[in-house]
Trainee: 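My questions will all concern the structure given below.
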Protein chains: 2
Amino acid sequence: MQNVLRVLEGRWKLIILFQLFGGQVRRFSDLERSIPGISQKMLIQQLRQLESDGVVGRIVHHQVPPKVEYHLTEWGQSLCPALDALLLWAENAPEEVRSSLILDVPSSET
Amino acid sequence: MQNVLRVLEGRWKLIILFQLFGGQVRRFSDLERSIPGISQKMLIQQLRQLESDGVVGRIVHHQVPPKVEYHLTEWGQSLCPALDALLLWAENAPEEVRSSLILDVPSSET
DNA sequence: CCGTATCCACTGTGATACTG
DNA sequence: CAGTATCACAGTGGATACGG
């Protein structure tokens, strides 16, 4: 049990999983763009861990330029109900938590 | 969203939450005993964070000996469906993940 | 019983630069 | 585009001892 929960540990794991929610197939650069604040290193690291834990699958298309796609495995898919419940829970969060103390305002140009 | 998910980050958060599942009211020492491997420091630290994030409530009974009880707040209760789904997911985990590489065999006595 | 304080090691995370 | 390598740092986590 503890063992299994550790699969989800890591700052970006759940966020990544949400991106793959519902059977989506996403490219590396796609994920990178969709998750503000994540670095390539963290993205690849967490993906690799999820992959080796059997939650995420990885498909390499041998092309130029390279193209790699990620998706939920079957077991990963079975996480979706939990993800869904989590989403619902997060939406009901009190304001103090939502805004937290974390203010990252990436001033997008001018 | 990211902000809200961070409430659940931390090695013992989910495990603690599972102990409080379904409206249980548990004492400090009770929790400590129920979670093998956790230290007092970690238990109190994670409890305090959960408390200040509004997930867990704390009730002090001014007695000798002291008695403090923890429980889920209303918002914490609304996490239960997710916890439930997570439990179901964990039970469907492939064997490789369940056994993982973590073998902690605390040789008891002798 | 329920914490707090301190010390210390480790590992998770992040910025940056580089490669196939 | 996708990924690796390195370095540096902060926070987490663990052991132990002490206090109300």
Side-chain angles (χ1 to χ4, degrees), chain A residues 2-3 5-17 19-20 24-53 56-71 100-106, chain B residues 2-3 5-17 19-20 25-53 56-71 100-107:
Chain A
Q2 253 97 325
N3 279 344
L5 287 182
R6 301 194 72 150
V7 169
L8 301 179
E9 269 177 29
R11 168 119 195 243
W12 305 98
K13 295 273 180 74
L14 281 178
I15 299 174
I16 292 175
L17 260 13
Q19 296 294 328
L20 266 18
Q24 294 179 64
V25 176
R26 317 272 312 259
R27 302 186 55 165
F28 183 85
S29 54
D30 186 13
L31 289 171
E32 194 179 0
R33 250 173 286 109
S34 303
I35 307 177
I38 198 173
S39 64
Q40 284 192 325
K41 175 188 167 184
M42 276 304 111
L43 180 53
I44 195 64
Q45 176 184 299
Q46 309 261 301
L47 279 171
R48 286 284 145 84
Q49 290 175 9
L50 288 170
E51 189 189 355
S52 88
D53 283 330
V56 163
R58 176 172 177 266
I59 295 177
V60 182
H61 302 268
H62 290 284
Q63 310 175 349
V64 177
K67 178 176 174 182
V68 180
E69 292 181 320
Y70 295 89
H71 59 93
S100 202
L101 296 180
I102 310 170
L103 311 172
D104 73 293
V105 188
Chain B
Q2 254 98 322
N3 279 346
L5 288 183
R6 300 194 73 150
V7 170
L8 302 180
E9 269 176 31
R11 170 121 191 238
W12 305 97
K13 295 271 180 72
L14 281 179
I15 298 174
I16 291 174
L17 259 14
Q19 297 293 328
L20 266 19
V25 176
R26 317 273 310 259
R27 303 185 55 163
F28 183 85
S29 54
D30 186 12
L31 289 171
E32 194 179 1
R33 252 173 284 110
S34 303
I35 307 178
I38 198 172
S39 64
Q40 283 193 327
K41 174 188 169 185
M42 278 303 111
L43 180 53
I44 194 64
Q45 177 184 299
Q46 309 263 304
L47 278 171
R48 286 284 145 86
Q49 290 175 9
L50 288 170
E51 189 189 357
S52 87
D53 282 329
V56 162
R58 175 171 179 266
I59 296 176
V60 181
H61 302 268
H62 290 282
Q63 310 174 350
V64 178
K67 176 176 174 182
V68 180
E69 291 181 319
Y70 295 90
H71 59 94
S100 203
L101 296 181
I102 311 168
L103 312 171
D104 74 293
V105 188
S107 60

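The structure displayed is predicted, hence computed values, not measured ones. Below, read A as the first sequence line, B as the second, and so on, with proteins coming before strands; counting in each chain starts at 1.
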Trainee: Would you give the length of the straight line joining atom CG of A:L8 to atom CD of B:E9, rounded to the nearest 0.5 angstrom?
Mentor: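 So the gap between those two atoms works out to 11.5 Å.
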Trainee: Only counting residues at least two apart or in another chain, list the ones meeting salt bridge (charged side-chain N to carboxylate O under 4.0 Å, His left out) with B:E51.
Mentor: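 Checked B:E51 against salt bridge (charged side-chain N to carboxylate O under 4.0 Å, His left out); matches are B:R48.
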Trainee: Looking at every non-hydrogen atom in both residues, tell me the closest pair between A:Y70 and A:V56 and how far apart they are.
Mentor: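 In this case the closest contact between A:Y70 and A:V56 is CD2-CG1, 4.0 Å.
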Trainee: With the threshold set at under 4.0 Å for non-hydrogen atoms, list the residues of residues 44-53 of chain B touching DNA chain C in residue-number order.
Mentor: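 B:I44, B:R48, in order of number.
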Trainee: Closer to the 5' end of DNA chain C via nearest nucleotide, is it A:E9 or B:D30?
Mentor: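 Going by which nucleotide is closer to the 5' end, it is B:D30.
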Trainee: What residues, two or more places apart in sequence or in another chain, satisfy side-chain hydrogen bond (donor to acceptor under 3.5 Å, both in side chains) together with B:E69?
Mentor: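 Applying side-chain hydrogen bond (donor to acceptor under 3.5 Å, both in side chains) to B:E69 gives B:H61.
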Trainee: Which residues satisfy the side-chain hydrogen bond (donor to acceptor under 3.5 Å, both in side chains) test with A:R27, sequence neighbours excluded?
Mentor: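 Scan of A:R27 (side-chain hydrogen bond (donor to acceptor under 3.5 Å, both in side chains), adjacent residues dropped) gives none.
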Trainee: Please identify the 5'-most and 3'-most nucleotides of DNA chain C with any atom under 4.0 angstrom from a heavy atom of chain A.
Mentor: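 Here the contact window of chain A covers C:dT13 to C:dG20.
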Trainee: Quick one: which protein N/O atoms are closer than 3.5 Å to N/O atoms of nucleotides 15-20 of chain D? Pair and distance per line, please.
Mentor:
none

Trainee: Give the rounded distance in Å between these two atoms: CE of A:M42 and C1' of D:dC7.
Mentor: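 Going from CE in A:M42 over to C1' in D:dC7 covers 13 Å.
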Trainee: Would you say A:R27 reaches D:dA2's phosphate, i.e. side-chain N/O to OP1/OP2 under 4.0 Å?
Mentor: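 Answer is yes, contact under 4.0 Å.
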Trainee: Going by atom type alone, with no hydrogens or angles, which donor-acceptor pairs under 3.5 Å involve a side-chain atom of residues 33-44 of chain A and a protein atom two or more places apart or on another chain?
Mentor:
{"residue": "A:R33", "atom": "NH2", "partner": "A:S29", "partner atom": "OG", "Å": "3.4"}
{"residue": "A:S34", "atom": "OG", "partner": "A:R26", "partner atom": "NH2", "Å": "2.6"}
{"residue": "A:S34", "atom": "OG", "partner": "A:D30", "partner atom": "O", "Å": "2.8"}
{"residue": "A:S39", "atom": "OG", "partner": "A:M42", "partner atom": "N", "Å": "3.3"}

Trainee: Starting at CD1 of B:I16 and ending at P of D:dT12, how long is that distance when rounded to a whole Å?
Mentor: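 About 14 Å, once rounded to whole Å.
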Trainee: Can you list the steps and then say if A:L47 with A:F28 is a side-chain contact (heavy atoms from CB on, under 4.5 Å)?
Mentor: CA-CA 10 Å; A:L47 279 171; A:F28 183 85; 4.2 Å; yes
Trainee: To the nearest 10 degrees, what angle separates the axes at the start and end of the helix from C:dC1-D:dG20 to C:dG20-D:dC1, five pairs each?
Mentor: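 Nearest ten degrees gives 50° for this helix.
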Trainee: Looking at A:R58, does any N or O in its side chain come under 4.0 Å of the phosphate oxygens OP1/OP2 on D:dG3?
Mentor: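 Yes, because at least one side-chain N or O of A:R58 sits under 4.0 Å from OP1 or OP2 of D:dG3.
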Trainee: Can you name the residues that form a side-chain hydrogen bond (donor to acceptor under 3.5 Å, both in side chains) with A:Q49, not counting sequence neighbours?
Mentor: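 side-chain hydrogen bond (donor to acceptor under 3.5 Å, both in side chains) list for A:Q49, sorted by chain: A:K13.
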Trainee: List for me each residue that meets side-chain hydrogen bond (donor to acceptor under 3.5 Å, both in side chains) alongside B:H62, sequence neighbours excluded, and say none if there are none.
Mentor: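 If we apply the side-chain hydrogen bond (donor to acceptor under 3.5 Å, both in side chains) test to B:H62, skipping adjacent residues, there are no hits.
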